[in-house]
Amino acid sequence: MKEFSKTYDHTKVEGTIYDKWLKSGYFTPENLPRAESRKPYTIIMPPPNANAPSHVGHALGYTIQDILIRFERMRGRKTLWLPGTDHAGFETQVVFEKKLEKEGRSRFKMQREEFYKEIWKYVQENKYISEEAIKRLGASCDWSRNIFTLDPEIVKIVYQTFGQMYKDGLAYRAGRICNWCPKHQTGLSDLETKYEERTEPFYYFKYGPFTIGTSRPETKFGDKYVVMHPKDKRYAKFKSGQKLDLEWINGPITATVVKDEAVDVAFGSGVMTITPAHDPVDFEIAQRHGLEIETIIDKRGRLLPIAGEFAGQKILETRPKIVEKLEKKGLLEKIEEKYKHNVQLCYKCGNLIEPQIVMQWYIKMTEKLPDGRPSLRAMALEALDKKEVEIVTEKFEKIFRHWMENIRDWPISRQIWWGIPIPVWYCGGAEKASGPKMGFAGHIAPEVSNGKIRTYRLRNHNLKTGDRVAFENSQSKLLFGYGVMTTADKKPVGDIQLPDALHGGKYNTTKELIAAFERLHPDRKVTKDTPAWLYTYQFKPFSEQDKKEGCGQIIISSENPKTCPACGGVNLIQDPDTFDTWFSSGQWPFAALMANDAKSNLTLPLLNKERKGEADFQTYYPTQVMETGWDILFFWVARMIMLSYYKTGYKTGKPPFKKVLLHGLVRARDRQKMSKSKGNVTDPLGVIDTYGTDALRFALVFSTAAGNDIPLSEDKIRGMKHFANKLWNIARYVLTNVSIPNSQFPVPKREAKSLPHTVPNALVWGYKLKTITAADREISKKLQATVASVTKNLENFRLHEAAQAIYQFSWHEFADKYIEESKKQLKDEKTKKNTLYTLYFVLTTILKLLHPFMPFVTEEIWSKLDQKEMLMISPWPK
RNA sequence: GGGCGUGUAGCUCAGUUGGUUAGAGCGUUACAUUGACAUUGUAAAGGCCCCCCGUUCGAAUCGGGGCACGCCCACCA
């Protein structure tokens, strides 16, 4: 019998227990004594952001995962919980830029290398802090396999996937309108923006014979198209293409009438002017009609020279001045002061999104693969249909499907520096195409060009030599060509002359090219009525260097290529962008395992033997459970399913994970979202200091169904601390019972399999049983029911019910009833031994049942029982 | 506009496929207790399980409608 303090003091226990676990090596599945013959059970930990301060939301996830892992480990599975860290590109860069801002600095005044070095250092520090926090939560993950999304082994896999996607035509580059945050100066996916309702003035201006309405007068400088619905009788006298001279902000302009069905007849005056470069709807209209696109606002959100006297000013500051000017010119008709509408904001900084036309890399979501495999979306949906992947929290399956059905192509490039650089080089250094006609030198997607480089000659357009152009199918919006204009010419628009003399094209006429295209894409008919099927438009070069002529070849390479394989040019320009963080973390389940395979110098902490030949990917994939917050269902889970099926799943039927378990947000007790500004943030480490890890863990999973948001109050955590203490004292009572001298306390000769009076087992206990009381029978029955309930509920991921069952039994059955009764039974010689057996057996069983939830206090009590093995690996009761 | 969900004790929430007297934590009230327990125990109060209709021998649970609230997605110049 060891020392047993009157109350449980977590501060004295948690550190030593965690060290003991670490030293045991049992976090590493290969070290588990019973694991060899058993099936692997794998959970990949959602890698915390490298910038992240600890948050109870994270604590919830780690707790749930640790519960599952400890449960399965005790059940004899070969249990791997793989930890890692996410560089979290944009998120981390935003946090770091805020820090710079406080120091009066800015990334726009820094060299890229310098910036990267600093942020790397910052991330390393935070990574350590975050890992320590995970340890304090008691997480039994395999630290020997700890991995980071920027580890070279991961980057290599990410590059390989990208290259493969490019070859398959899934990854493509296009210049189209995208969400642009002027503060951070990067494009963002739709998921990275949010909407907010604003009440702002809505202005009506005179635009020649029309009245146009707008909430954004500052975008109106370049407006030279006036659009109305083709069936709007009020404007029937205006014909499509008709030119009108009229007075506008900075003097007289010529406007062109456009008829388009996108116009809502009922809204405003039914007439609008368009700003294609800064509005997605306008952009589409411009594309449909082949209109010129003019940029009004620069990447920083300031007006360009087209704005005349307003050039260089920030748009919001300029708005009233422009209205004033228009009013003075007599062009302001009226102002509707309280116009309610939604504005799109950057989800990080809350600044207005200013759509811009930028070259971005995209991943096709809905198009079949060239080898006949279904689209990424279809693969993911099929996985759900076949139940290869199951979303356990079932209400999210519907949400997931709904989102998938409306998915659009995913922009994966970001104009930020913190992240994995896009492994693409553009050949900008060799003069190849020449001749009297305007030429296009560049790349046409493999589906059209058969993967070879060709030079096509374009006739007449507004392009100048050196301009970058993209070819896009005006119907599918898919880009299939990209390159640089080479020489001037003046013939009609819209034709491509083939073959080109230089490369001996396979298609002799445009018709043939179209036919070839259509063979590949039977769903995309190209008709005579869509003359602009090869849509061309002009881009600003993305860098000065880019203006230099080259063959425009796109080279995908994980290492810096020295020369262009197509033309031999040496002036290769690396794509300046980085991948969306989710492009790399979307590959995490297989990448993390494969990368560990690639690390040859790993040694196992306990056995000190190399893990060679132990192919992690072979052994541990597919993983069993993906447990994460529902807020990243689309960001992450969807992408993991799609990318994993693309990479390893479709042919093998291997999903990245079999079950998806989603937990809710941890909220303050009044259901408010926790936020620093509200001052209601619960710091998990603070809670752990005061109440102990076990109390926090139990409070997090107790009495809230999976997937629901969890209101967490200090009262609740305190209550669970009381429970830990109760458990402690149950053990203290059993082990130090005053009336029984220590020497008489029975210690089982081997692991007892069941209660002695349900299946009498004298061999185990070395005693013959004498009198079994009603109380003994009762507690035995209840214990069995509890074991069954906890086991079943854990198997079904109903953690809250398992927790409730064990809590009820321990406190209100065992402590309140049986222990009270035992005080009498121990005084009677006839029932004494039997009572001791029962006390001991029930105690050890509830320690096991409770261990996944409250690992520290249970392991500590266990250590006082003179058991050979640690509780952590002791067999789960049946 | 499209989709998903919630409504149960004063508060926060459980209630697996329909089945005794609907539960827990915290809070409240009374009593007991320093005895394994910075307490804990015993007991109590507190519920038209949002409303209406239906299915059923039987509904908090299933179906339809209504009311209230929340979330996600899309978005009109």
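Because only heavy atoms are used, hydrogens play no part in the values below, and waters and symmetry mates are left out as well, while side chains stay in. Naming: A, B, ... by sequence-line order, numbering from 1 per chain.
In this structure, Ile819(A) reaches the bases: a heavy-atom distance under 4.0 Å links it to at least one base atom across the strands shown. Note on Ile730(A): a base of the nucleic acid sits closer than 4.0 angstrom, heavy atoms only. Residue Ala731(A) is out of contact with every strand shown, counting any heavy-atom pair closer than 4.0 Å.
A 4.5 Å side-chain heavy-atom check between Val392(A) and Val660(A) finds every atom pair outside the cut-off. Within the 4.5 Å cutoff, side-chain heavy atoms of Ile779(A) are placed close to those of Glu813(A).
Here A43(B) sits opposite U29(B) as a Watson-Crick or G-U wobble pair (both hydrogen-bonding atom distances under 3.5 Å). Pair assignment for G5(B) gives C69(B), based on Watson-Crick or G-U wobble hydrogen-bonding distances that are each under 3.5 Å. Pair assignment for C49(B): none, as no Watson-Crick or G-U wobble contacts are both less than 3.5 Å. Base pairing of A14(B) is not made with any nucleotide, judged by Watson-Crick or G-U wobble geometry with both donor-acceptor distances under 3.5 Å. Taking a pair to require two hydrogen-bonding distances under 3.5 Å in either a Watson-Crick or a G-U wobble arrangement, C75(B) remains unpaired.
Checked against the 6.0 Å centroid criterion, the rings of Phe238(A) and Phe210(A) qualify as a close aromatic pair. Separation of the Phe841(A) and Tyr818(A) ring centroids does not fall under the 6.0 Å cut-off.
Applying the 4.0 Å criterion to OP1 and OP2 of G15(B), one finds that His800(A) has a side-chain N or O inside that range. An OP1 or OP2 oxygen of U40(B) is reached within less than 4.0 angstrom by no side-chain nitrogen or oxygen of Asn725(A). Phosphate proximity of C72(B) to Lys194(A): absent, as no side-chain N or O sits under 4.0 Å from OP1 or OP2. Using a 4.0 Å cut-off, some side-chain N or O of His812(A) falls inside it from OP1 or OP2 of G25(B). Taking only side-chain nitrogens and oxygens, Lys398(A) comes nearer than 4.0 Å to OP1 or OP2 of G5(B). Here Lys6(A) reaches the OP1 or OP2 of C37(B): one of its side-chain N or O atoms lies under 4.0 Å away.
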Under 3.5 Å between N/O atoms: give me all the protein pairs with nucleotides 73-76 of chain B, atom names plus distance.
| unit_1 | atom_1 | unit_2 | atom_2 | d |
| --- | --- | --- | --- | --- |
| C75(B) | OP2 | Tyr195(A) | OH | 3.0 |
| C75(B) | N3 | Asn342(A) | ND2 | 2.9 |
| C76(B) | O2 | Asp264(A) | OD2 | 3.1 |

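Position along RNA chain B of the nearest nucleotide to Lys817(A) versus Arg798(A) favours Arg798(A) as the more 5'-ward residue. Each of Ala266(A) and Gly719(A) has a nearest nucleotide on RNA chain B; the 5'-most of these lies closest to Gly719(A).
With both ends at atom P, the span from C26(B) to G41(B) equals 9 Å, rounded to whole Å. The same atom, C1', is picked in A68(B) and in C51(B); the two are 11 Å apart, to the nearest Å. Nucleotides G10(B) and G47(B) have their C1' atoms positioned 12 Å apart, rounded to a whole Å. A gap of 46 Å separates the P atoms of G46(B) and G2(B), to the nearest Å. When the P atom is used for both A9(B) and A22(B), the distance is 14 Å, rounded to whole Å. U28(B) and C11(B) are spaced 15 Å apart, taking the P atom of each and rounding to whole Å. The C1' atoms of A14(B) and A60(B) are separated by 12 Å, rounded to the nearest whole Å. Separating the P atom of C31(B) from that of A24(B) is a span of 23 Å, rounded to the nearest Å.
Evaluation of atom-type donor-acceptor distances gives no pair under 3.5 Å for the side chain of Ser215(A) against the base of A77(B).
In this structure, His10(A) NE2 and Thr690(A) OG1 are separated by 7.0 Å, a value rounded to the nearest 0.5 Å.
By the 6.0 Å contact criterion, NZ on Lys194(A) is enclosed, its count of non-hydrogen atoms from other residues, nucleotides or ligands being greater than 12.
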- Can you check side chain to side chain contact (heavy atoms under 4.5 Å, CB included) on Phe221(A) and Leu303(A), steps first, answer last? CA-CA 10 Å; Phe221(A) 290 100; Leu303(A) 288 162; 4.0 Å; yes
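The ring pair (Phe, Tyr, Trp, His ring centres under 6.0 Å) with Phe723(A) is formed by just one residue from the set Tyr691(A), Tyr807(A), Phe809(A), Tyr8(A); it is Tyr807(A).
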